[in-house]
Amino acid sequence: MQRHPLPPPKQRNRRTLPLVLFTLLTFLLLLLLLFSPKIQKICDDIKIIGRSSNELNHQRRLRGRTIPSSMTAQSEEAQTVTYLPPPVQGNADYRNYKAIKLQNGITALLTQDAQSKHFAAAVSVNAGASSDPRSLPGLAHFTEHMCFLGSKRYPEENEYKHYLAQHGGKSNASTSMSHTTYQFDILAEFGEHALDIFSNFFVAPLFTRSGTAREVQAVDSENSKNLVSDGRRRLQVLKALADKDHHYSKFSTGNRITLPACAEDDDEKKDDDNDTKKEEGGGGSDDHPLKDLVCSIDGNCDDADMAEFVRIALLAFHRQHYRPDNMTVVVVGPQTVDELEKWVVPRFGMIADRSSNDDHYDDEKDDDYDDSITPEKKEKWQKMEQLAAQMIAEAATDAPPVPIEAAKSVVHHSAFRAELQGGKWPVVVTTKPLQNVRKLVILFPMPPSYAEPDRSPSHLMSHLFGHEGKGSPFALYQNAGWITSLSSGPRISAPDQNLFQITISLTKEGEEHWKDVVKYIFAYAKMLCTSAEETLKLSEGGTCQSGDGTGKDDLY
């Protein structure tokens, strides 16, 4: 059978294929442009539907939660807002700002960063460790910890951190000598609810008795970590050199010994505390300075009374310092400043000034301690409240005022003076580090420049001493192979003092020549002073002096 060959396949026009693809892509692009709003809406709906069941359950619980009537009434009232001058912006600053003052006295800065994907907020309280009573070191730091342990509206202790962790957020807080600062950030779309939880820490914190006892453990753990930190160890050495009557000398962290709020702990742990304190040169809990104060009320006191007094002092500290006029709020996010204002005003406007009333947060029973309170015990605690309020008020006078305008009238009073170390400077203090480091720190007590932040001499000095160009101390030491780094700036910048610090990391050879390093730093300082007097006429009749104040060049 004869086979007929198949006809050849039709030749396709290869030029038409790119044209077809181009047409299809153009058509798809037009569809995207036309329907992009609808697509975005669908994506948003998917996000909402895809929320975790935990968040939905949380919202359901929130709807059924009872809010104190005082908070509800106050939030419904129209808040009077005073608009303040906006901050000075640089040419490269693309953010929008609005500064406001709330009716209760809180100052707030609202910032729109349209490029940000996160929302962040911070609250700064003008009180820190300088306001601690001498008999309760670490009380300001302890107050910082306690504020995070729930509020009347959000009583669950971990609700704040749990919500942040679920939505890409984090939080932190810190206590310095003059400020206590709280802050968090979270994905922008969840910012409003996070701010609601956050603000309620300052509206109506719980400060439960059980939480007080447990959080002292957290403070003590933090202090234990500091014991093996070279930086914290040097800080305590520096405080030991300070004037004992100056507020800077106070122990700022606190621990289980300085804050005896663990009445329910077992005997073994108490014995460990007593042994620890004896190793540090003190006695056990019986020798705590609070013991005599608490026992003076009725001639009898136990560990439970000591623990209750710590909590009462905590409440007194909060009432004294966590006033609206003593707080500043800053928020930043992609939302408009008008929207941020709607978030901030009704929430932080609910913070009341409790310093003049008797609101001690004990309107409701907070734990099982309340079932055992007798009339005699209540009367004793009322006397404790009077003692604590007096103690906190007296301690508040140790610290200079923090606001800039008030700080302008503060008299220079340094915690570091030559007479404290025998009348002659410089003083050399050596410490054995735990880490393998060679560090040289030079400190210069100076008059305060806190009240002039925009023209601070410390900032200029930091630039001059930290300069790394030709002729600088850094260039000289590095060429000699003595150092690996040099930094400078204010170690302390307070309303009543300034301590300028130069920190140098030495090489092994540099450690052998540390005296030469110090001598050249002093020579550089004198050169700067002389140059300023001669060319800028900054000082009239002044003289450049050496470290001991004698004007002599020979420092060794």
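Atom set for the values below is all heavy atoms of this structure, side chains included, hydrogens, waters and symmetry mates excluded.
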Ring centres under 6.0 angstrom apart ([X], [Y]):
{"X": "Phe444", "Y": "Phe522", "value": "yes"}
{"X": "Phe148", "Y": "Phe201", "value": "yes"}
{"X": "Phe317", "Y": "Phe142", "value": "no"}

Problem set entry | Residues that Ser176 engages under side chain to side chain donor-acceptor pair (under 3.5 Å), provided they are two or more places apart | none

Problem set entry | Side-chain ion pair, Arg319 and Asp353, N-O less than 4.0 Å | no

For this session: Would you mind checking if Lys342 and Glu339 are paired as a salt bridge, meaning a charged N to carboxylate O distance below 4.0 Å?
Result: no

For this session: List the steps, then state whether ring-ring contact (aromatic ring centres under 6.0 Å, His included) holds for His463 with His459.
Result: CA-CA 6 Å; His463 172 73; His459 295 162; over 10 Å; no

Seminar exercise, completed: Between the NE2 atom in His321 and the CG atom in Asn126, the distance rounded to the nearest 0.5 Å is 11.0 Å

For this session: For atom NZ of Lys239, decide whether the heavy atoms of other residues, nucleotides or ligands shown that lie under 6.0 angstrom number more than 12.
Result: yes

Exercise. Applying side chain to side chain donor-acceptor pair (under 3.5 Å), which residue pairs with at least one partner in residues 427-440 are found, sequence neighbours left out?
Worked result: Arg438-Glu511

Exercise. Which residue pairs satisfy the side chain to side chain donor-acceptor pair (under 3.5 Å) criterion with at least one member in residues 405-422, sequence neighbours excluded?
Worked result: Asp243-Arg417, Glu405-Lys408, Arg417-Glu419, Gln421-Trp425

Would you say the side-chain atoms of [X] and [Y] include a donor-acceptor pair closer than 3.5 Å?
{"X": "Thr503", "Y": "Gln501", "value": "yes"}
{"X": "Gln217", "Y": "Arg256", "value": "yes"}
{"X": "Thr180", "Y": "Glu144", "value": "no"}

Scan the side chains in residues 113-120 for donor-acceptor partners under 3.5 Å anywhere in the protein, sequence neighbours excluded, and list what turns up.
residue : atom : partner : partner atom : Å
Asp113  : OD1  : Tyr94   : OH           : 3.3
Asp113  : OD1  : Gln115  : N            : 3.2
Asp113  : OD2  : Tyr94   : OH           : 3.4
Ser116  : OG   : His118  : N            : 3.1
Ser116  : OG   : His118  : O            : 2.9

For this session: Applying side-chain contact (heavy atoms from CB on, under 4.5 Å), name anything that partners Ser249, two or more places apart in sequence or on another chain.
Result: Arg134, Ala242

Problem set entry | side-chain contact (heavy atoms from CB on, under 4.5 Å) partners of Leu149, counting only residues at least two apart | Met146, Glu157, Glu215

